[in-house]
Amino acid sequence: MYVKFSQQLLNWYDDNGRDLPWRVKNYAGRQNIAPDPYHVWLSEIMLQQTVVATVKDYYAKFTQKWPNVQALATAQQDEVLTAWAGLGYYARARNLHKCAQYICSEFGGNFPNSETILLTLPGVGPYTAAAIAAIAFDLNANVVDGNIERIFSRVEKLEDELPAAKAKIYKIAKKYLPTARYGDYAQALMDLGTAICRPKNPKCDICPIAEFCVLAGAENVQNYPKKTPKKPKKQLKTNVFWVKNAKNDQVLLQKRPEKGLLGNMMEFPSSPWLPQKPAEVQAKNLGLITHIFTHIKLEMQVWEMAEPEFETLVNGGFEVNLSADKQWVKPNELDGFALPSLMQKVRKLAET
DNA sequence: AATCCGGGGAC
DNA sequence: GTCCCAGGATT
């Protein structure tokens, strides 16, 4: 039964699997050239909690700028963060850089072909270690991501709620593993989760494994997997300052702390982020920006100020988060800095 | 086991 | 507005 499951899935994948920049489709089955582990690793880190469409441009940029792991290891962290800016979850970029250096210093620039050793790399957890093992080295690894959790929770009509159900789903997925083409199989499941076994409105009528699925075609299939309700976001507010120098041709930019939210990324100075509305400022009001993080809804009141007035404001006891790492930058040169999306919004507002 | 950590596309 | 996406690190 499980043999037929993987066979039908792989047949579907051979005809319907997507062509992706980092993918060597069906290399185990057709003796195509093996994928570059560096490409597999880079794409998997970028794809953590991020959709394929978003990743494509960043993947192209990174592979062009840093064609191999040695090149990436030699880069400065600021360069890597600048290239990653806008992609989110910036610990991924810091760990990516750290991992590249680790691969070069400890493994001679070669990714280990062992799931257990891959798991020890910075930024590589259970999913990514299994994915690299299967996709880059065609090793028999149990690859379980959000798509695959959804598929197997439906196949066996699992009533347990995520995330507590993860361990049980992992064991279910293990039963269905094939005896060959491990990398293709993992990618086939993920493509199936995107194209057929979608969160809403799954296409059970054309699903290649519908005959093995308890919930195929059922009215309530999209209620699986069941999930524990999530907490509401904190609502925080702040003042953000677009501070211009005496010549009126540069703005004040600074580096955020190494750890925590947007760690080591660049920002325009802001007051502490608090639940209550921040105090009004005697300055030009540029407007209000709302930005949604994973666990925070942030409202930014943006003010334009000249440097002397800003200094007077700060010296007068108005609380502003200031970094030791400050610099003046021409607005049209901000592309060279690691600005996260919320700061790009501030920039756009100030420049228009 | 809970919480922190981005951003955007689909609906 | 809600959901969720090729999750990992930290506590």
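To find a chain, count down the sequence lines: A is the first, B the second, and so on, and within it residues start at 1.
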Taking any heavy-atom pair under 4.0 Å as a contact, classify A/S43: base, sugar-phosphate, or nothing. nothing
Dump every N/O contact between nucleotides 9-11 of chain C and the protein below 3.5 Å, one line per pair.
{"residue": "C/dA9", "atom": "OP1", "partner": "A/G123", "partner atom": "N", "Å": "2.8"}

Ring-plane angle category for A/H39 and A/Y59, please: parallel below 30°, perpendicular beyond 60°, tilted otherwise. perpendicular
Taking atom P in both C/dG8 and B/dG8, what distance in whole Å separates the two? 22 Å
Measure from the side chain of A/Y127, starting at C-beta and using heavy atoms only, and say which of C/dC4, C/dG1, C/dG8 lies closest. C/dG8
Does A/W22 reach a base, just sugar-phosphate, or nothing at all? Heavy atoms under 4.0 Å. base
Judged by modelled atom types alone, do A/W303 and A/N239 share a side-chain donor-acceptor pair under 3.5 Å? yes
Side chains of A/E299 and A/T238 only: does a donor on one sit below 3.5 Å from an acceptor on the other? no
When rounded to whole Å, the CG to C1' distance for the pair A/L96 and C/dG7 reads 15 Å
Measure CD1/A/I148 against P/C/dC5 and give the value in whole Å, please. 12 Å
For A/F111 and A/W41: C-alpha separation, side-chain torsions, deciding distance, then whether ring pair (Phe, Tyr, Trp, His ring centres under 6.0 Å) applies. CA-CA 9 Å; A/F111 281 84; A/W41 164 71; 5.1 Å; yes
Round to the nearest Å and state the distance from A/L192 atom CG to C/dA6 atom P. 12 Å
Please tell me whether A/H291 and A/K345 have a donor and an acceptor in their side chains that are separated by less than 3.5 angstrom. yes
Would you measure the distance from the C1' atom in B/dT3 across to the matching atom in C/dA6 and give it in whole Å? 22 Å
Hey, could you give me each pair passing side chain to side chain donor-acceptor pair (under 3.5 Å) that has a residue in residues 211-220 of chain A? Not counting sequence neighbours. A/K4-A/E211, A/Q8-A/E211
Between CD of A/E161 and C1' of B/dA1 the distance, given in whole Å, is 14 Å
Whole-Å distance between C/dG8 C1' and A/K259 NZ? 15 Å
Here the distance between atom C1' of C/dC3 and atom NZ of A/K233, to the nearest Å, is 10 Å
Please report the distance, rounded to the nearest Å, between OH in A/Y224 and P in C/dC4. 15 Å
Going by atom types only, do A/Q327 and A/Q254 share a side-chain donor-acceptor pair under 3.5 Å? no
Just by distance, with hydrogens left out, do A/T50 and A/R92 show a side-chain donor and acceptor under 3.5 Å apart? yes
Reading nucleotides 4-11 of chain B from the 5' end, what letters show protein touch, with B for base, S for backbone sugar-phosphate only, - for no heavy atom under 4.0 Å? SBBBS---
Report which part of the nucleic acid A/I132 touches: base, sugar-phosphate, or nothing (heavy-atom distance under 4.0 Å, all strands). nothing
Contact under 4.0 Å: A/R150 side-chain N or O vs C/dC5 OP1/OP2: yes
Does a side-chain heavy-atom distance below 4.5 Å link A/V69 with A/L42? no
Integer-rounded Å distance: C/dG8 C1' and A/K166 NZ: 11 Å
For the residue pair A/S270 / A/W273, report whether a side-chain donor-acceptor contact shorter than 3.5 Å exists. yes
